[in-house]
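Structure first, then comments.
Just the heavy atoms: all of them, side chains too, but no hydrogens, waters or symmetry mates, feed the values below. In what follows, chains carry the letters A, B, and so on, assigned in the order in which the sequence lines appear, proteins first and then strands, with residues in each chain numbered from 1.
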Amino acid sequence: MATVTLSHVTKRFGGVTAVRDLDLEIRDGECFSLLGPSGCGKTTTLRMLAGFEDLDEGEIRVGDRVFSNSARHYYLPPEKRDFGMVFQAFAVWPHLNIFDNVAFPLQIKGLSQADIQEKTRRALADTGLLKVQHAFPGELSGGEKQRIALARAIAINPQVMLLDEPLSNLDPKLREEMRFEIKDLQRRLGFTIVFVTHDQAEAMAISDRMLVMRDGVLQQVGSPIAIYEQPASRFVFSFIGLSNFLPMEDRDSCSYVQGAPEAGPLEAPRPNGVAGPTWTLASRPTHIDLQAEGGLRGTVLRRVYLGEVVEYRVRIGPHELRIQKGARDQVFEEGATVGLSFRQYLGYPEE
Amino acid sequence: MGRVSVEGVTKAYGPKRVLQDLSLAVEDGECFTLLGPSGCGKTVLLRLVAGFETPDAGEITIGGRLVSGRGTNVPPEARNLGVVFQDYAVWPHLTVRANTAYPLKFRADDAPQRAAAVQSVLDQVGLGALGERYPSQLSGGQQQRVALARALVAHPEVLLLDEPLSNLDANLREEMRFEIKDLQRHHGATILYVTHDQEVALALSDRIGILDQAGRLRQVGTPREIFDQPADLEVFRFLGVTSFVDLAFDGDQARIAGTSLDLRPEGPRPNIGALVGGFRPMEAELVKDGGVPGIVKRVALLGAVVDFRVEVGSRELRIQQETSEVMRGLGLPVEGQRCGVRFHRLRTFAAAALSGEA
Amino acid sequence: MRPRRFGTAELLLLLSILILVVVVAIPILLIFWNAFVVEGKPDFLRALALLKEPDTLEALKNSLVIAGGTTVLSTIIGVFFAWLVSRTDLPYKGTMKVLFLVPFMLPSFIGALAWKILLSPRGGHINRLLMDLFHLEDPVFNIMSLGGIIAVETMYLFPFVFIQVSGALERMDPTLEEAARISGAGLFTITRRITLPLMMPSILAGALLVALYSLAHFGVPAILGTERNIFIIPTKIYEKIYASGGNFEAIRTGTMLSSILVLSAAAILYVQSLVLSSGRFQVISGKSMRPMVLKLRGLKWPLLILSVVYIAITVVLPTVTIFLVGTLKTYGLAFKLENMTLDNFTYILFKWELTRDAIWNSFYLSLSAAAVTMLIGTLISYVLVKTKIRGKFLLEFLGVLPFSVPGTVIALGVILMWSGRFGVNLYNTAWIIFVAYIARYMAFALKSTSAALEQVHDSLEEAARACGATKWQAMKDVVLPLIKPGMVAAFFLIFLPALRELTTSVLLYGPHTRTIGVAIYTLNEDGETVYAAALAAIALVIIVLGQLLIKRVTRAKIESA
């Protein structure tokens with residue numbers, strides 16, 4: 001079993017707490033992403049998993065075996081963990097050809113020549129590199145280099161695969177392709193993936209479950225769709241996609257935009273779970289409709305044609321909202337007064 | 001006035017023809033974008049207009065004055081232009097103010113006038129308080145603002161912008177897009193903008209010219225014209241993600257994989273050869289019942305949209321739908337599930353052109 | 001195609017080519033001509049016959065042994081210390097790293113002088129001490145041997161390897177090693193199979209620099225070898241030229257040996273460019289992370305002590321010796337306070353014409369050579385980096401020459417060229433040293449100014465043009481201010497080595513044109529050990545002050561940028 005369990009894991013660098021009291025269970029065979037802005041502690045978490053960093057508090061277990069335990073100062077060294085790992089900058093060895101790069105972990109394990117040959121070839125075949133196995137990394141493109149790294153990582157048939165922003169050095173098209181390839185490999189070989197990224201679309205596209213982290217503190221864990229539909233906090237809401245926030249205040253059982261009572265009351269119920277007379281309305285640009293009459297009144301500041309969508313910037317009192325409509329929807333001119341209605345929205349306590 | 005006209009311009013580097021017999025006109029006060037893949041010669045054209053290169057043949061006039069061709073070659077410094085480069089090209093040894101003031105050095109203005117002009121343009125680009133900083137103390141976006149201020153300070157007739165936003169991150173790019181538009185409105189300069197970023201081109205331009213890999217101008221038109229009525233397959237494929245289905249016609253009735261469609265594909269319908277219908281990811285949707293039968297190959301939630309790869313016949317189609325719509329409708333499909341595809345819009349192209357260029 | 005007219009760019013190109021031809025190309029051609037052409041006809045047999053003479057053969061053999069030995073030893077020491085300061089948890093790593101670079105700025109012939117004082121078989125202080133202490137009949141060490149020369153050269157040349165390797169280790173992407181760890185490899189395996197192979201180009205680059213330098217080096221073998229009849233190519237050339245009194249055969253032997261030096265230098269540089277250009281070893285990453293550090297545990301302090309002792313023996317001991325001997329009233333007296341005096345220094349600095357002149361000669365020569373070479377270098381680099389004109393390949397070819405010409409060869413070349421044969425006779429004047437310095441240090445100027453110019457992206461200049469500046473205005477307002485730090489660096493890179501130069505000037509000096517290096521060398525030859533040491537001490541002080549000044553200047557530049 002390759003269930004990865006982190007209990008009360010804390011890591012400090014000097015006075016900065018990079019990861020604070022993290023409890024997490026990554027299930028056997030799932031693809032789990034660690035998502036967050038840079039410096040949120042996701043890479044540190046991965047490096048603790050790999051064994052490159054010691055823990056200040058807590059324990060890491062894989063299955064029922066302890067890999068790191070700060071209380072006992074026990075750390076299984078990285079080379080004994082039998083993980084596969086892929087790095088952002090590829091980290092393929094330029095002085096070895098593709099075959100030797102991939103065969104390296106097998107050679108270290110002391111397998112027989114025949115075994116090394118067979119397993120290396122299989123890893124190369126799985127990643128589509130058989131044809132270039134005698135080339136050197138310097139002669140290959142970024143996408144191919146990352147495939148070498150993948151092949152090297154799967155060669156020993158690891159139970160757990162650690163991926164540290166493996167796609168961020170690739171161009172968008174290749175990134176998408178590699179995402180699918182990683183998923184396919186996982187389906188075939190059944191390893192558990194821990195995937196670190198700062199790109200929310202990438203995390204949502206690849207993960208079975210994911211977490212969102214900020215300043216070393218876990219914000220939310222769940223399936224991508226659950227996190228997208230029900231972000232636990234304003235931060236998660238804003239990190240997971242384009243967002244609008246409107247501060248609201250309740251008067252006479254109606255909700256008004258703060259600083260813009262003239263925009264009229266919100267013609268929709270106050271969301272659940274919001275206490276107090278003031279709260280924040282959160283909505284995505286695609287979840288707001290524009291109409292000539294009714295709704296919250298605002299002024300079109302800008303209209304930008306982007307091909308498939310038209311983007312509006314609409315001002316309500318001191319606030320500016322971003323709204324995206326299909327190119328075939330009704331068009332509003334800059335300067336026009338429009339009404340906004342929210343098809344979907346959530347409420348958060350005021351910050 | 002700031003009309004730029006390029007007529008029959010040809011430019012080669014050794015045996016490599018970069019531009020051939022290219023003609024285009026940028027009207028006074030217009031924002032014209034040259035959009036093309038990298039290596040298509042768009043930057044060369046901009047450098048020809050700027051005077052950093054001389055054309056092998058053809059003429060260039062700026063504001064009615066001949067600047068290149070017929071034996072004339074006005075040097076860059078005498079063309080009254082503002083140029084903004086992709087790498088900003090702000091001078092690291094000069095302060096923001098000194099960078100911005102440099103073009104005024106070559107004018108007759110007196111010192112107080114100059115200082116006022118510099119302060120005014122720095123205020124406009126939001127750097128009014130940072131005049132004494134050095135470029136190394138600024139962020140990428142701020143450096144690009146210095147470059148813009150420097151290009152605008154002398155009120156040039158024509159502003160040439162060479163991929164000025166491509167080194168900035170997505171948020172800044174969006175913000176700067178608005179700022180360039182506002183500055184143009186304020187200064188009334190003619191803009192020739194060169195980029196490979198279609199989003200910037202669509203958002204910013206009055207008109208767009210599409211340049212192909214061979215340096216030929218494929219289509220000139222407003223953003224909407226270019227996007228909605230592409231002149232040919234190449235222009236269509238250059239803008240955004242596109243997919244194609246095999247189309248058959250029975251009189252006016254269009255069919256895909258034997259299924260009759262309830263829409264009329266747009267575009268010419270030559271009698272010879274097979275036809276394909278092209279569409280963009282948002283111009284089709286997955287439906288539970290009816291539609292053209294297909295198989296969902298892949299599903300990727302990208303946030304606001306769900307991205308599907310659907311196999312119809314022998315072709316793989318890209319379809320994107322709003323996440324909330326998908327969740328309210330058929331829910332997230334499983335990979336391998338059968339589904340129906342309904343098309344909102346299809347454009348006809350010759351299948352031969354597609355396979356020839358694929 | 002447009003017709004090409006003869007413009008400013010062409011003029012600059014022509015000027016650059018002309019300068020390089022006169023200063024570098026013709027002197028080298030004259031050497032080859034002199035070596036292989038007899039009475040207007042090529043004659044290789046005769047040239048070969050000269051080579052077969054026993055003393056020439058011996059010199060060739062010694063050159064190979066010394067260059068080879070120095071290279072191997074420097075590489076081992078350089079790699080070891082580089083690894084120690086960048087890949088282990090050695091205490092005081094930062095300080096140690098700076099200390100390992102100190103030998104770089106000290107002139108090796110002064111070191112040789114110190115070691116001769118300490119370890120010469122009969123008179124060496126340490127030898128005498130050991131003999132007295134243990135009642136030995138024979139001296140323990142003999143620094144005046146092939147082994148001694150190798151040892152002393154290594155002390156001053158290993159930083160070439162150290163700099164290359166420690167720089168590469170620090171810039172190496174640490175995930176290359178981490179990937180090996182996660183693959184199951186331990187630290188020893190990683191060092192052997194990943195780190196060392198990846199460092200190979202840097203190690204090789206450093207080693208080749210050592211070989212190049214050692215092959216062409218005059219000072220150490222002259223001071224430690226000549227007295228014992230141990231000659232290498234440069235000292236043999238010196239002997240031939242001085243013993244000859246204009247003898248034709250002797251000059252021909254000199255030019256023959258010079259040709260061999262030039263060819264081996266070119267070969268070394270060629271190998272180096274091959275090594276560096278093979279893209280297989282791109283290991284540098286932009287992302288900076290803490291590299292893996294080997295915990296030395298019990299070896300931590302012993303290794304620190306080893307490093308400190310190494311520095312103490314190779315840097316502190318010779319330097320102290322020079323200063324102490326420089327104060328002795330007479331050489332041979334014991335180091336007691338009553339035997340010491342500062343009068344030696346005042347005598348050298350203010351009273352004795354020979355040394356006073358030498359100091360001023362060196363100062364003027366370095367100053368003017370540095371300024372002129374830096375300006376010429378800037379001009380040539382500008383044409384090389386910034387212009388696109390036909391015929392540039394000629395300049396590119398000529399631009400490589402200065403890198404492959406050893407100092408001895410340059411000296412011989414300028415003798416052949418400027419001794420009246422072409423109507424200009426500069427022999428025995430300071431001008432001939434000046435011309436030689438320009439050729440010798442051109443490579444430094446080209447390197448640092450072309451690097452600076454490459455940093456100045458074309459768009460910076462074009463932006464100025466678009467703002468209304470003409471080409472010359474853009475140059476004055478944008479290009480020149482931006483490459484100024486590079487020019488200043490070039491100036492100091494020439495000024496400091498020129499100040500302590502010996503190899504070239506020793507062949508060119510006349511009665512009134514001694515340089516500091518020549519003065520120290522000849523004083524030593526004449527047995528004036530105390531004055532030689534005193535002058536060396538003064539030179540050391542000047543050099544250290546100069547280094548501090550550079551640090552000041554370059555640091556101020558970095559902060560303002």
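With respect to Glu177(C) and Arg87(C), a salt bridge is recorded, a charged nitrogen being found less than 4.0 Å from a carboxylate O. For Glu118(A) and Arg122(A), the salt-bridge test passes: some basic side-chain N is under 4.0 Å from an acidic carboxylate O. Using a 4.0 Å cut-off between a side-chain N of Lys or Arg and a carboxylate O of Asp or Glu, Asp458(C) and Lys386(C) qualify as a salt bridge.
Aromatic ring pairs are classed by plane angle as parallel below 30°, tilted from 30° to 60° and perpendicular above 60°; the pair Phe87(A) and Phe52(A) is tilted.
In this structure, chain C has a heavy atom under 4.5 Å from the backbone of Val92(A), while its side chain stays farther away.
Between Phe162(C) and Phe104(C), the ring center distance fails the sub-6.0 Å criterion.
Scanning residues 78-85 of chain A against chain C with a 4.5 Å heavy-atom cutoff picks out Pro78(A), Glu79(A), Phe83(A), Met85(A), ordered by number.
Both tests do not hold together for Arg193(C) against Trp93(A): distance to the six-membered ring centre under 6.0 Å, angle to the ring axis within 45°.
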